[in-house]
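The chains referred to below are lettered A, B, ... by the order of the sequence lines, with proteins before strands, and numbering in each begins at 1.
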Protein chains: 2
Amino acid sequence: MAATMTDVARLANVSVSTVSYVLTGARPISGATRERVLAAIAELGYSPNAMARGLASRRSTLLGLLLPLGEDGVGATVSAFVNGAASAASAAGYHLTLNPVGADDAAPLRELASRRLLAGAALMAVRLDDPRVDVLRELGVPYVLIGRTRDTTGVSFVDIDFDTTMADAVEHLVGLGHRRVVYVNHSQDALAAGDGPTVRTAEAFARAMRVHGLEPVMVAVDDGAAHGRAAVEEALARDPGVTAFVSMNESATFGVLAALADRGLRVPQDVSVVSVVMAPAVAELAHPALTAMESPGAALGRLAVEALVDQLDRTDRRDADPADDKEVHQQLLPCTLRVRGTSGPVRS
Amino acid sequence: MAATMTDVARLANVSVSTVSYVLTGARPISGATRERVLAAIAELGYSPNAMARGLASRRSTLLGLLLPLGEDGVGATVSAFVNGAASAASAAGYHLTLNPVGADDAAPLRELASRRLLAGAALMAVRLDDPRVDVLRELGVPYVLIGRTRDTTGVSFVDIDFDTTMADAVEHLVGLGHRRVVYVNHSQDALAAGDGPTVRTAEAFARAMRVHGLEPVMVAVDDGAAHGRAAVEEALARDPGVTAFVSMNESATFGVLAALADRGLRVPQDVSVVSVVMAPAVAELAHPALTAMESPGAALGRLAVEALVDQLDRTDRRDADPADDKEVHQQLLPCTLRVRGTSGPVRS
DNA sequence: GCGCTTCGTCGAAGCGCTTCGACAATGACG
DNA sequence: CGTCATTGTCGAAGCGCTTCGACGAAGCGC
């Protein structure tokens, strides 16, 4: 049915290898021959078979995006990473596959990776100690992390600069006169499991507060608006005088806003709220719109995939220049403060 | 490096074809031999090469999810579809690839599809007249729509039942005494481009209103909270006496809420708002939480992929039973009404 | 004008698997 | 006890491509 390279070769009166060289550029081909081959390709509507090419060349155009997938979907913030990754992959001539592989069970990943379908992988929702990283290293599959493990020597990653982000958020509030700030983090479970953002923001928040000589108070709650409301209860119980909230929990943040409103606490007159690592579009949904440390969004996913593709290209011509084999790409992107309607001077 | 089938065969003292039969079950193999082969596989940590298998069998385990991807990511509602699809693919032994292919330019799709990398495709954001469908049909790539074209004869699809959804939403409001209801739809551009949900809800809303002898008023705005605010202005300009809003535009809905609050209109005492086709988690973010026609979420993506996989399986054994070749799967899922805090009796 | 490299092309050998036809060995049957 | 399926296994022929070695034809210097 579909034309093969043999058909093209016959029509152009050349051998199949010549057609291959025209397509891959692996060897020089004269202008006249090239023209003839390209004409034949156009006439037949030929397009190379990806499987055959992959088998023969031991190369693949598939990049795996490894991330745990619950039924609830991923928030808009995470979805931006995925989009960035998919677009970048597409632009580089690769295809992104979405692989629901969480850090809890690496067995499916071992299976997937050893089938040699993927040229490389990008990991999301990385934990401080992530078994998936070991599997990939062991199987020799190139990878890049979106996030990072505890020990980052020799591994490429792109992550959010949580230290700077949290410092800026706290700085903003302290500058407005706030001294009693509570951080609403992801769940205790995420903390215990060693989820990167959860642990790092917890530490970063504590550091940032201490820099200003303030006591860090953190509340860890599950995702979801309802749990955000609970966070307010708990925070007020622990410190009735709290004047500001910092929150990374996308859905819980909205619950925080709701709970404050229900208690008759006005935002930002009575209490300020700053959301960290949130997509602008989400921040706009709140009323008033959320002051937020805006996440780098699609750029994060894009940079990760670009780093991965770089690494693959480098591996291909490793022989040419064996030196740059284990070159790693490590990059931290800060979130940027965008003041909207939920932060203001502390009430006097 | 990695073990091949030849290695397994040698170790188990059988031919490679025997190993293949053990793996695929294409022919019966005696228990003893099977044991020996499986032992060898385990010992070598063998796992079949996906490319080689695909080339030889002319089959692939890749399913393409075709959807346009803007930089902003997809809302949580759409993300649920993607999740459902990815999980279902995984469960069926397939892999989902995320292909940014919009309805505007089908060329990249033609390229992608003719490389024979994909076993099948699922299309999202389907337009009434979608060129992607023609490309897939022409190239003989099995596909399923998440959404549907104008003419659905012979094509498999899974879509939301917009008629029922809209009828239920209007019914709910009319039951509360509302008679002046405005529908906030996606943009005029989406409408003009023939975006399925946009067009179908517009029609469904009009029908639903007329059933009750009411005049349908629709406002079309771009996505985004700011445009939701604009929608309120426009609605009030067209009918100052409006008492209820129906909205499908996820982000604009929040803008509607904000604009109403700013105007001193209380929800639901003064004005009711019903969101249609929205994920529960998103509805919970609003304050008060949104009364919504909740979208079927992950189920939609899951059913689509399952239908696609079914179709692929059927194609494989077409010879066995040539009858059921062009069997199509067409399914409409309704959204279900969940009353929360934004709808109430009309003010008297 | 001779050997020498360089350029452009070809043929053939795989890549690791599936699948088809063939063929012993086994059992069922009259 | 010969015949005919049936069952389990093997060998070989690809699937459609890449890649390597080879080789004729120029092109070069001397």
B/S/- along nucleotides 8-15 of chain D (protein heavy atoms under 4.0 Å) is SBBB--BB
Between D:dG16 (P) and A:N49 (CG): distance, integer Å = 7 Å
Gap between atoms CG and P, on B:L23 and C:dC17 respectively (whole Å) | 9 Å
Of all the heavy-atom pairs spanning A:L332 and A:I160, show the shortest one and how long it is.
-> CD2-O, 3.9 Å
Short side-chain to backbone donor-acceptor contact, B:Q330 and B:T152, under 3.5 Å = yes
Determine yes or no for a side-chain-to-main-chain donor-acceptor pair under 3.5 angstrom, with B:R36 supplying the side chain and B:A12 the backbone.
-> yes
Would you give the length of the straight line joining atom OG of B:S156 to atom CG of B:L303, rounded to the nearest 0.5 angstrom?
-> 12.5 Å
If you fit an axis to the five pairs at each end of the helix from C:dG1-D:dC30 to C:dG30-D:dC1, how big is the angle between those two axes, to 10 degrees?
-> 30°
Measure from the side-chain N and O atoms of B:R132 to the backbone N and O of B:V101, and report whether any donor-acceptor pair falls under 3.5 Å.
-> yes
How long is the line joining CE of B:M51 and P of C:dG16, in whole Å?
-> 12 Å
What is the distance, rounded to the nearest whole Å, between atom CG of B:L44 and atom C1' of C:dG16?
-> 15 Å
Give one of base, sugar-phosphate or nothing for B:R59, where a contact means two heavy atoms less than 4.0 Å apart.
-> sugar-phosphate
Salt bridge (charged side-chain N to carboxylate O under 4.0 Å, His left out) involving B:R115 - partner list, sequence neighbours excluded = B:E111
Donor-acceptor contact present, side-chain A:S60 to main-chain A:L117, <3.5 Å = yes
Between the side chains of B:T18 and B:S15, does any donor sit under 3.5 Å from an acceptor?
-> yes
